[in-house]
Amino acid sequence: MPPSSTTTAARDVIVGTAYVFDACTASVIGRTVLLVEALAAIAVGFVSAGVSQWFLQLALVTAVVLPACLLWLLVACQQKKLLQRCSIRVQYLAGAAWGAVCGLAAALLFQWATMAPRMPWLASAAAGGFVAAMVVVGLQWRAQGRTPAATTARLAELQARIRPHFLFNALNSAISLVQDHPHKAEAMLEDLSDLFRHALTEQREASTLAEEVQLAQRYLSIEQVRFGDRMEVQWNLDSRTDTATVPPLFLQPLVENAVKHGIEPSHGSGRIRIATRRRGSRVHVQIINTMPRPFAAPQPERRPGTGTAIANVKKRLRLLYDLECDFQATVKDGTYTVHISFPA
C-alpha cells in the first residue's frame with residue numbers, strides 16, 4: 001500500500017534538510033539569551049564593587065546586549081538557506097563576522113545610553129565574534145543531531161524498547177479471556193494480528209497524529225472486550241490536528257498506562273478520555289483517566305509502574321521537537337492527566 005500524503009509530509013519533517021542557522025525557535029533563542037546573559041553577568045562581576053552595583057550594571061548591559069543578540073538571531077534565521085550552501089568554515093566566519101558587527105552595535109548603544117567618552121570598540125567586536133562562534137558551534141551540533149542518520153538511529157532504539165512492552169501487555173489481555181470467553185479471545189487475537197501488522201512491522205521515523213489515534217482506538221477496543229462495562233472511553237478529536245507529526249507508537253503507550261493503572265486495579269467502573277485540539281500554531285493532546293478509589297479492606301499489593309512508557313514517549317517527543325514540546329503529568333481530584341503540546 002503506498003504511503004498516504006499525510007505520512008509522507010510527516011516524514012519530510014525529519015528527513016528534510018537540517019538547517020544549521022535555523023535560529024528562530026524558542027529553544028535556540030532561549031538558550032542563546034541565557035548564554036549571553038551568563039557571560040554578561042560574569043563580566044560585570046569583575047568591575048562591580050558590590051551586589052547592588054552588580055545588579056544595576058547588569059541591567060544596563062542587558063539593555064544593550066540583548067537587542068544585539070536578538071538581531072544576530074534574526075539575521076541568522078533569515079539567511080539560513082543561503083548559509084547552508086556554504087562550507088562549514090564559511091558558516092563559522094559569517095556567524096563570527098556578523099557577531100562582531102552586533103558587538104559593535106551593542107557598544108554604540110552603550111555609549112549612547114551612558115555618554116561614555118571612550119569605548120573599547122575592538123574588545124566589543126572581539127567579544128561579539130567569540131560569543132557568536134560559540135553559538136554557531138551549538139547550532140552545528142544541534143543540526144547534526146537532527147540529521148536523518150542520527151535521528152533514525154535514536155528513534156529506532158527508543159521504539160525497540162517499547163515494542164516488546166506493547167506486545168507483552170496486549171497478549172496478556174487475550175490470554176486472560178482464553179478460558180472463560182474463548183470466542184472473545186479469538187476475536188481479540190484477530191484484532192491483535194491486524195494491530196501488530198500496522199503498528200510493529202512498519203519501520204518509520206515519524207507518524208501522524210491521525211494514525212496514532214487510529215492505533216490507540218484499536219488497542220482500546222481490544223481492552224474493551226476484556227473490561228466491558230467497567231471501562232468507559234470518550235474521544236474528543238479535532239480534525240485540524242490530524243496531520244501533526246509525532247513519533248510512532250506515541251499515543252498507545254499512554255492509553256495503555258491509563259488502562260493498566262486506572263481501569264485494571266479499580267473495583268468499579270472507570271473512565272478514559274482522550275482529547276486533541278489545535279490552538280494557534282500548537283497541538284494539544286490530553287489523556288485523562290480516573291484513579292482507583294481507596295478501599296477499607298486490604299487489597300493485594302500491586303507493583304508500582306516503572307514509568308518506562310512515559311519516559312520513552314517524552315524522549316521521543318524531545319528528539320523531534322526539542323524544547324518546543326511540553327509534557328506534563330498531574331494527579332488531581334482522583335484523575336490522572338497527561339497533557340502534551342507541540343508545534344502543529
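Remember, predicted model here, so these are calculated numbers, not experimental data.
Side chains of E212 and Q214: no donor on one and acceptor on the other come within 3.5 Å. Checked by atom type, the side-chain pair T62/E37 shows a donor-acceptor distance below 3.5 Å. With no hydrogens or angles considered, no side-chain donor-acceptor pair links S221 and Q224 at under 3.5 Å. Using modelled atom types and a 3.5 Å distance limit, the side chains of R282 and S341 yield a donor-acceptor pair. Side chain to side chain, Q328 and D326 meet the donor-acceptor criterion of an N or O pair below 3.5 Å.
By the ring pair (Phe, Tyr, Trp, His ring centres under 6.0 Å) test, F327 is found to be paired with no residue, residues two or more places apart in sequence or in another chain being considered.
A continuous path of hydrophobic side-chain contacts links L66 to L60 [ILVMFWY only; heavy atoms under 4.5 Å]. The hydrophobic cluster containing V101 also contains L71, counting ILVMFWY residues as joined when their side-chain heavy atoms lie under 4.5 angstrom apart, directly or transitively. The hydrophobic cluster containing I42 does not contain L56, counting ILVMFWY residues as joined when their side-chain heavy atoms lie under 4.5 angstrom apart, directly or transitively. Taken together through direct or relayed side-chain contacts under 4.5 Å among Ile, Leu, Val, Met, Phe, Trp and Tyr, L104 and W112 form part of one hydrophobic cluster. Taken together through direct or relayed side-chain contacts under 4.5 Å among Ile, Leu, Val, Met, Phe, Trp and Tyr, V255 and I288 form parts of separate hydrophobic clusters.
Atom CG of L34 is separated from atom CD1 of I29 by 12.0 Å, given to the nearest 0.5 angstrom. In this structure, CG in L237 is found 8.0 Å from CG in L209, a value given to the nearest 0.5 Å. Between the SG atom in C69 and the CG atom in L74 there is a gap of 11.5 Å [rounded to 0.5 Å]. Atom CZ of R271 is separated from atom CD1 of I263 by 9.0 Å, given to the nearest 0.5 angstrom. Separating the OH atom in Y219 from the CD atom in E256 is a distance of 4.0 Å, to the nearest 0.5 Å. Here N236 contributes atom CG and T276 contributes atom OG1; the two are 7.0 Å apart, rounded to the nearest 0.5 Å.
The environment of L122 atom CG is sparse: at most 12 non-hydrogen atoms of other residues, nucleotides or ligands sit within 6.0 angstrom. More than 12 heavy atoms of other shown residues, nucleotides or ligands fall within 6.0 angstrom of atom CZ in F227.
Residues V131 and W72 fail the side-chain proximity criterion, which asks for heavy atoms closer than 4.5 Å. Proximity of L251 to V285: side-chain heavy atoms (C-beta onward) are separated by under 4.5 Å at one or more points. Inter-residue side-chain proximity for L108 and Q111 is flagged as met; some heavy-atom pair is nearer than 4.5 Å. Residues Q57 and V47 have side chains in contact (heavy-atom distance under 4.5 Å, counting atoms from C-beta outward). For the pair I340/L254, a side-chain contact is recorded, criterion being any heavy-atom separation below 4.5 Å from C-beta on. Looking at heavy atoms from C-beta onward, R89 lies out of side-chain contact with Q91 at the 4.5 angstrom threshold. Using a 4.5 Å heavy-atom threshold, the side chains of W235 and V233 count as touching. Annotation: side chain of T32 is not in contact with side chain of L70 (no heavy-atom distance under 4.5 Å).
D238 places a side-chain N or O within donor-acceptor distance of the main-chain N or O of R278, the cut-off being under 3.5 Å. Looking at E211, its side chain does come within 3.5 Å of a backbone N or O of T208 through a donor-acceptor pair.
A pairwise comparison of heavy atoms in A107 and S124 identifies CB-OG, 3.4 Å as the closest pair. Here the closest heavy-atom approach between residue C325 and residue L317 is recorded as SG-CB, 3.7 Å. When all heavy atoms of W54 and A41 are compared, the pair lying nearest together is NE1-O, 3.1 Å. Taking all atoms of both residues into account, the shortest heavy-atom contact from S269 to D229 is CB-O, 4.0 Å. In plain terms, the two heavy atoms of A96 and A132 that are nearest each other are CA-CB, 4.2 Å. Heavy-atom minimum distance, V44 versus L58: CG1-N, 4.0 Å.
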Could you give me the CA-CA distance, side-chain angles and deciding distance for L35 and M134, then say whether side chain to side chain contact (heavy atoms under 4.5 Å, CB included) is met?
-> CA-CA 9 Å; L35 172 64; M134 292 175 60; 4.0 Å; yes
Would I274 and Q286 count as a side chain to side chain contact (heavy atoms under 4.5 Å, CB included) if you check the C-alpha gap in whole Å, the side-chain angles of each, and the deciding distance to 0.1 Å?
-> CA-CA 6 Å; I274 302 97; Q286 269 193 335; over 6 Å; no
Between W98 and V75, is a side chain to side chain contact (heavy atoms under 4.5 Å, CB included) present by the stated rule, with each step listed?
-> CA-CA 9 Å; W98 179 237; V75 172; 3.5 Å; yes
Would V51 and Q53 satisfy side chain to side chain contact (heavy atoms under 4.5 Å, CB included), going step by step from the backbone distance to the final call?
-> CA-CA 5 Å; V51 176; Q53 186 182 7; over 6 Å; no
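The aromatic rings of F342 and F250 sit perpendicular, their planes meeting at an angle over 60°, well past the 30° parallel limit.
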